[in-house]
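See below for the structure under consideration.
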Amino acid sequence: MTEPRRRSNVFGEAADEYDAVRPDYPCALVADLLGGAGPGPVLEVGAGTGKATAAFAAHRVDLVCLEPDARMAAVLERRAFPGVRVVVDQFENWPPDRGYGLVFSAQAWHWVDRAERNDRAWAALAPGGLLGLFWNAFFIADPGIYRALHEIDRRYWPELEETMNQWQSPLRPAEAQSFAEEWAELDLHDDPRFTDLRSRNYPRQLRYSATDYARFQSTTSLFRMLEPDRLETIRAEAVAAIEARGGTVDIRAECHLATARRL
């Protein structure tokens with residue numbers, strides 16, 4: 001029986017495109033996580049095609065990558081990173097084989113069952129090990145491109161949820177927040193098994209061609225859930241709108257990181 005199509009399992013339909021156009025993650029973030037990790041190997045949850053894996057593998061760590069989608073995992077395995085073992089499985093199903101000094105998840109923790117993900121993280125971490133959870137957020141710099149792309153979404157997608165085309169203002173308030181306020185959805189602030197809760201942000205600038213930005217859009221779960229004809233129409237109009245305004249999209253990217261240490 002074919003598995004029902006859900007937002008959490010549509011990325012493999014465009015695995016090669018995902019690998020080609022999705023951005024990587026800041027080197028400073030990777031260095032900070034490895035510097036704060038406890039002793040032992042590293043575990044990645046939801047590795048995808050290896051957009052974050054590459055930066056960790058460059059440090060020659062002993063790294064196990066869990067990826068539930070075989071199509072995404074196949075791209076990751078083709079990249080043949082040294083010291084990396086790829087396991088096609090869900091974090092919820094996978095029994096830890098040892099204690100890990102670092103468990104991290106890039107752009108994927110929200111797909112793990114909220115009711116059990118902290119239990120699973122605690123079980124996988126060695127005492128003193130670090131949990132690192134991070135996501136890229138993208139803000140369109142040019143107001144004209146922002147308005148044009150947002151209008152395309154509204155015209156062809158009246159039941160629109162928030163997409164990257166609507167991100168022009170920072171997602172995080174400028175004023176400092178407590179970890180409990182900023183990361184309430186992680187359920188870590190009131191979990192006595194974790195301590196040393198910290199939040200960091202890594203800003204940088206990205207630039208996409210019109211074609212690559214439209215490809216990027218079509219690798220996000222909301223866009224992938226659209227009917228193919230509708231997706232292609234939006235994609236073609238996005239390219240045209242960007243080409244009419246210079247042909248590139250400048251993005252202010254922020255990588256938001258939350259860390260917690262197992263007692």
Side-chain angles (χ1 to χ4, degrees), residues 11-12 14-112 117 120-121 123-126 128-138 198 200-204 206 212 215-216 219 253-262:
F11 302 103
D16 288 315
E17 192 156 50
Y18 186 106
D19 193 54
V21 298
R22 282 292 188 111
D24 56 10
Y25 297 90
C27 293
L29 177 149
V30 175
D32 286 346
L33 282 177
L34 291 174
V42 178
L43 174 66
E44 180 177 9
V45 177
T49 64
K51 302 305 293 188
T53 313
F56 285 88
H59 289 263
R60 302 288 175 166
V61 295
D62 179 2
L63 176 57
V64 174
C65 296
L66 297 180
E67 171 49 49
D69 191 309
R71 299 163 297 184
M72 300 287 274
V75 176
L76 174 55
E77 288 183 312
R78 287 204 306 267
R79 299 180 73 177
F81 296 119
V84 172
R85 178 165 64 94
V86 180
V87 178
V88 182
D89 205 349
Q90 291 183 311
F91 188 42
E92 298 92 328
N93 298 333
W94 181 76
D97 54 347
R98 48 192 165 156
Y100 288 82
L102 172 64
V103 173
F104 75 89
S105 183
Q107 211 84 14
W109 196 245
H110 52 291
W111 300 124
V112 183
R117 61 193 181 189
R120 294 282 180 174
L125 285 164
L130 189 68
L131 175 64
L133 310 171
F134 50 99
W135 288 264
N136 278 323
F138 309 96
R198 300 190 184 191
R200 277 163 282 184
N201 182 37
Y202 301 80
R204 56 186 174 151
L206 304 173
D212 281 347
R215 293 171 70 200
F216 184 1
T219 68
E254 296 181 0
C255 193
H256 300 141
L257 168 68
T259 59
R261 193 171 302 280
R262 178 191 153 159

> For Trp135 and His110, which heavy atoms make the closest approach, and how far apart are they?
Replying inline: NE1-ND1, 2.9 Å
>> Looking at Arg262 and Leu125, would you say the former's side chain and the latter's main chain have a donor-acceptor pair under 3.5 Å?
In response: yes
>> Working note: Arg85 + Asp97, criterion salt bridge (Lys or Arg N to Asp or Glu O under 4.0 Å); need CA distance, chi angles, decisive distance, verdict.
In response: CA-CA 13 Å; Arg85 178 165 64 94; Asp97 54 347; 3.0 Å; yes
> Under the 3.5 angstrom rule, does the side chain of Lys51 hit a backbone N or O of Pro23 as a donor-acceptor pair?
Replying inline: no
> Is the closest side-chain heavy-atom distance between Arg200 and Thr259 below 4.5 Å?
Replying inline: yes
> In Å and rounded to the nearest 0.5 Å, what is the CE to CZ distance from Met72 to Phe11?
Replying inline: 7.0 Å
> Going by heavy atoms in the side chains, are Leu29 and Phe134 under 4.5 Å from each other?
Replying inline: yes
>> Looking at Gln107 and Asn136, would you say the former's side chain and the latter's main chain have a donor-acceptor pair under 3.5 Å?
In response: yes
> Where do Val64 and Tyr100 land on the side chain to side chain contact (heavy atoms under 4.5 Å, CB included) test, with the steps shown first?
Replying inline: CA-CA 10 Å; Val64 174; Tyr100 288 82; 3.5 Å; yes
> Where is the tightest heavy-atom contact between Thr53 and Ala47, given as atom of each residue plus distance?
Replying inline: OG1-CB, 4.0 Å
> Do other residues, nucleotides or ligands put more than 12 heavy atoms under 6.0 Å from the CZ atom of Arg22?
Replying inline: yes
> Taking the side chain from Arg215 and the backbone from Glu17, do they hold a donor-acceptor pair closer than 3.5 Å?
Replying inline: no
> Can you tell me how far CD of Gln90 sits from CD of Glu67, rounded to the nearest 0.5 angstrom?
Replying inline: 10.0 Å
> Is there a donor-acceptor contact under 3.5 Å from the side chain of Ser105 to the main chain of Val45?
Replying inline: yes
> Among Arg78, Arg79, Arg71, which residue meets the salt bridge (charged side-chain N to carboxylate O under 4.0 Å, His left out) test with Asp16?
Replying inline: Arg78
> Considering all heavy atoms of both residues, which atom of Gly46 and which atom of Ala108 are nearest to each other, and what is their separation?
Replying inline: O-CB, 3.8 Å
> Do Val30 and His59 pass the side chain to side chain contact (heavy atoms under 4.5 Å, CB included) test, and can you show the C-alpha distance, the side-chain angles, and the key distance before you say yes or no?
Replying inline: CA-CA 9 Å; Val30 175; His59 289 263; 3.9 Å; yes
>> Does any part of the side chain of Leu63, heavy atoms only, come nearer than 4.5 Å to the side chain of Phe81, both counted from C-beta?
In response: no
>> Quick check: closest heavy atoms across His256 and Ala137, and the distance to 0.1 Å?
In response: CE1-CB, 4.0 Å
>> Using a 3.5 Å distance criterion without hydrogens, assess whether the side chain of Arg204 forms a donor-acceptor pair with backbone atoms of Ala253.
In response: no
> Atom CG of Leu133 and atom CZ of Arg117: how far apart are they, to the nearest 0.5 Å?
Replying inline: 8.0 Å
> So, for Gly128 and Arg261, which heavy atoms are closest and what is the spacing to 0.1 Å?
Replying inline: O-NH1, 2.9 Å
> Is the Phe56 ring parallel, tilted or perpendicular to the Phe104 ring (thresholds 30°, 60°)?
Replying inline: parallel
> Side chains of Trp94 and Leu43: closer than 4.5 Å at any heavy-atom pair?
Replying inline: yes
> Looking only at heavy atoms, what is the nearest atom pair of Ala15 and Thr49, with distance?
Replying inline: O-CG2, 3.6 Å
> Heavy atoms, side chains only, cut-off 4.5 Å: are Leu33 and Leu257 in contact?
Replying inline: yes
> Is a side-chain N or O of Arg98 found less than 3.5 angstrom from the main chain of Gly40, in a donor-acceptor match?
Replying inline: no
